[in-house]
Peer 1: 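One structure, pasted below without further comment.
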Amino acid sequence: MSVLIIVFLTAVVALFSGVFEHGKFARYIGILGLIIALWVSFMPECAFFEQYRHMYDYTANTALFTKISIVTTLLLFFLGGFAFSNHRSHQSELYALMLFALCGGIILFGFQNLVTLFLGVEILSIPLYVMAGANKTDLRSNEASIKYFLMGAFATGFLLFGIAFIYGSAGSFDLYKIHDFGLANSTDVMFILGVLLILCALAFKVALAPFHMWSPDVYAGSPSLITAFMASVVKISGFFALFRLMTIGFTGVTHEWINVLGVFLIITLLLANVMGLAQTNAKRMLAYSSVSHAGYIGLVFFGMTSLSTYNLAFYLFAYSLSTVGVFMCLIWVEKLKRETSFGAFKGLAKTEPLLATAAAISMLSMAGVPLTAGFMGKFALFSQAMNGAAFLVVIAVLGSALSIAYYLRLIIAMFFFKESTFKSSEKVTLTYNIVAVFVIASIIILGIFPDLFARQFGL
């Protein structure tokens, strides 16, 4: 809980820094606070917070996913100076909202009962509704905000109904008491209905089909840095919350929800990759790519072993690095061209080879090409799922093959056009080059030496 308090206080300070120099110090405050929070996350939890363990428990797994989220958010903050250059009058609010949303994610990593789960989901979601509409003069951004809010309200309704049914059956919000009730009453209809309603609500948060309808429009309309935050940190938080809930609280009725989840994954893997092929806009393509990755990550629920949590963490970190690498390139192109069609990227490699290389390696990692972190992540999840759902693995492999086609379209646009459409005077900042080098090195090193992930995150 020490990390949570540090991130929250950083958000408050960043918010009020807006009264000085139009909030230009907010990004630096956020970076400093996140570095301190990351440092504290490697330390044992303060004994004072033991009294709150029935609500929030800072376990080793909580610490692991907290570190991953902080690292990802930190990389996005480094990109914020250029990405938010047209939000000078309210950039402090945007940085503060990102940190408040991160607080919600951290709560989801250690929730012990359904009340804390609800609080975490709402603290994560409400800032996102605001940030999605940050481009006030852009109708697509306004549409993204309204659509995300309305669909989020439906998902919250599902979540609350599910929690009500669970409490009505088990008589408790505590995960372990719910676990015991489920084992003893695995045919209780109200309990099973509550489980399925909560599954649907969290499927919305991680954009699993058929609850993904909001994501293409919201991702395309939101500011690109916010979209990157949604596709990485929000997905990390949502998936670990779902994983924690299903593997602790609802194991007694696994046979009831696992088949429903399997259907969601089949629809997700096929629909998202086919729709990705049909896109002509890079940002919408990445939105469908994000939906497809929700399908790959969902395989962690099948054939579970003692390494399942580690496999989930590794995949989410590899995917988050790739997301930062691709969106870093997209942010720069969008700022210069004011569009994100595939044509806008033509000849980028001739002007900014490092930026284009980072995006290309990131997309190859997303596709699961060998010697990348994404390949190792997919290999671990697919190998695990082969023991419980070989059919799903076949569909996932087919989806990965399809994804290569739409990733290659963007790579070809960047590298294989004779003439560059970018002016030689338009150069990326030093910060972007440093982040690009970090992303490239991390993806390749983790693809060759995946055990380094465990060492760097204190496992």
Side-chain angles (χ1 to χ4, degrees), residues 1-46 48-49 52 55-56 58 62-63 65-110 116 119-136 222-230 232-234 236-237 320 324 331 429 431 434-435:
M1 192 172 282
S2 305
V3 178
L4 176 62
I5 291 172
I6 290 169
V7 174
F8 172 75
L9 291 177
T10 302
V12 173
V13 174
L15 179 63
F16 283 98
S17 72
V19 300
F20 304 104
E21 301 292 334
H22 298 290
K24 73 176 185 179
F25 302 114
R27 183 166 72 102
Y28 303 109
I29 292 169
I31 290 171
L32 177 61
L34 288 170
I35 291 172
I36 295 171
L38 182 62
W39 176 62
V40 171
S41 69
F42 284 91
M43 297 182 176
E45 180 65 299
C46 180
F48 173 79
F49 298 115
Y52 301 109
M55 294 290 288
Y56 177 85
Y58 193 76
T62 304
F65 284 87
T66 298
K67 293 166 190 172
I68 294 171
S69 293
I70 290 174
V71 170
T72 305
T73 307
L74 194 55
L75 290 174
L76 294 175
F77 265 65
F78 280 121
L79 304 180
F82 181 72
F84 287 156
S85 59
N86 61 334
H87 296 282
R88 295 297 186 193
S89 62
H90 56 274
Q91 59 180 322
S92 60
E93 291 95 322
L94 291 174
Y95 289 120
L97 287 169
M98 287 177 70
L99 290 169
F100 283 129
L102 178 61
C103 288
I106 294 172
I107 291 171
L108 290 178
F109 298 141
T116 315
L119 288 174
V121 168
E122 292 307 299
I123 293 171
L124 175 69
S125 301
I126 292 173
L128 293 173
Y129 303 151
V130 179
M131 288 189 288
N135 290 334
K136 299 175 184 178
S222 303
S224 293
L225 192 72
I226 303 304
T227 303
F229 184 82
M230 291 178 188
S232 54
V233 176
V234 174
I236 294 169
S237 305
S320 296
V324 172
I331 288 167
T429 62
T431 305
I434 292 172
V435 174

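These numbers come from the heavy atoms of this one structure, side chains and all, not from hydrogens, waters or symmetry mates.
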Peer 1: Looking only at heavy atoms, what is the nearest atom pair of Ala132 and Ile226, with distance?
Peer 2: N-CG2, 4.5 Å
Peer 1: Might you point out which heavy atoms bring Gly120 and Ile107 nearest each other, and give the distance in Å?
Peer 2: CA-CG2, 3.7 Å
Peer 1: Find out whether Ile106 and Phe65 are in side-chain contact, i.e. whether some heavy atom of one side chain is under 4.5 Å from a heavy atom of the other.
Peer 2: no
Peer 1: What is the minimum heavy-atom distance between Phe100 and Ala11, and which atoms define it?
Peer 2: CE2-CB, 3.6 Å
Peer 1: Passes side chain to side chain contact (heavy atoms under 4.5 Å, CB included), Ser222 versus Met131? Steps please.
Peer 2: CA-CA 7 Å; Ser222 303; Met131 288 189 288; over 6 Å; no
Peer 1: Considering only heavy atoms from C-beta outward, does the side chain of Leu38 approach that of Ser41 to under 4.5 Å?
Peer 2: yes
Peer 1: What's the spacing between Leu102 CG and Leu97 CG if we round to 0.5 Å?
Peer 2: 12.5 Å
Peer 1: Nearest 0.5 Å please: distance from the CD1 atom of Ile6 over to the CG atom of Leu34.
Peer 2: 10.5 Å
Peer 1: Taking all non-hydrogen atoms of both residues, which atom of Ile29 and which atom of Ser17 are closest, and how far apart?
Peer 2: CD1-CB, 3.6 Å
Peer 1: Pick out which of Ile236, Leu124, Val234, Thr62 makes a side-chain contact (heavy atoms from CB on, under 4.5 Å) with Leu108.
Peer 2: Leu124
Peer 1: At what distance, to the nearest 0.5 angstrom, does OG1 of Thr431 lie from CG of Leu79?
Peer 2: 8.5 Å
Peer 1: Check Thr116 against Met55 and note the closest heavy-atom contact, atom names and distance.
Peer 2: OG1-O, 3.1 Å
Peer 1: If I compare all heavy atoms of Val7 with all of Leu99, which pair ends up nearest, and what's the gap?
Peer 2: CG1-O, 3.6 Å
Peer 1: Contact between Phe77 and Thr73 at the side-chain level, heavy atoms closer than 4.5 Å - yes or no?
Peer 2: yes
Peer 1: Name all residues meeting the side chain to side chain contact (heavy atoms under 4.5 Å, CB included) criterion together with Ile5; count only those two or more places apart in sequence or in a different chain, and write none if there are none.
Peer 2: Met1, Leu9, Phe49
Peer 1: To the nearest 0.5 Å, how far apart are CD1 in Ile31 and CD1 in Ile36?
Peer 2: 12.5 Å
Peer 1: To the nearest 0.5 Å, how far apart are CD1 in Ile70 and CG in Leu75?
Peer 2: 12.0 Å
Peer 1: Given side chains that start at C-beta, do those of Tyr58 and Thr66 come closer than 4.5 Å, heavy atoms only?
Peer 2: yes
Peer 1: Rounded to the nearest 0.5 Å, what separates atom CZ in Phe25 from atom CG in Leu32?
Peer 2: 13.5 Å
Peer 1: Using modelled atom types and a 3.5 Å cut-off, is there a donor and acceptor pairing between side-chain atoms of Arg27 and backbone atoms of Tyr95?
Peer 2: no
Peer 1: Short question: side chain of Ser125, backbone of Glu122 - any donor-acceptor pair under 3.5 Å?
Peer 2: no
Peer 1: Are the side chains of Ser232 and Leu76 in contact, using a 4.5 Å heavy-atom criterion?
Peer 2: yes
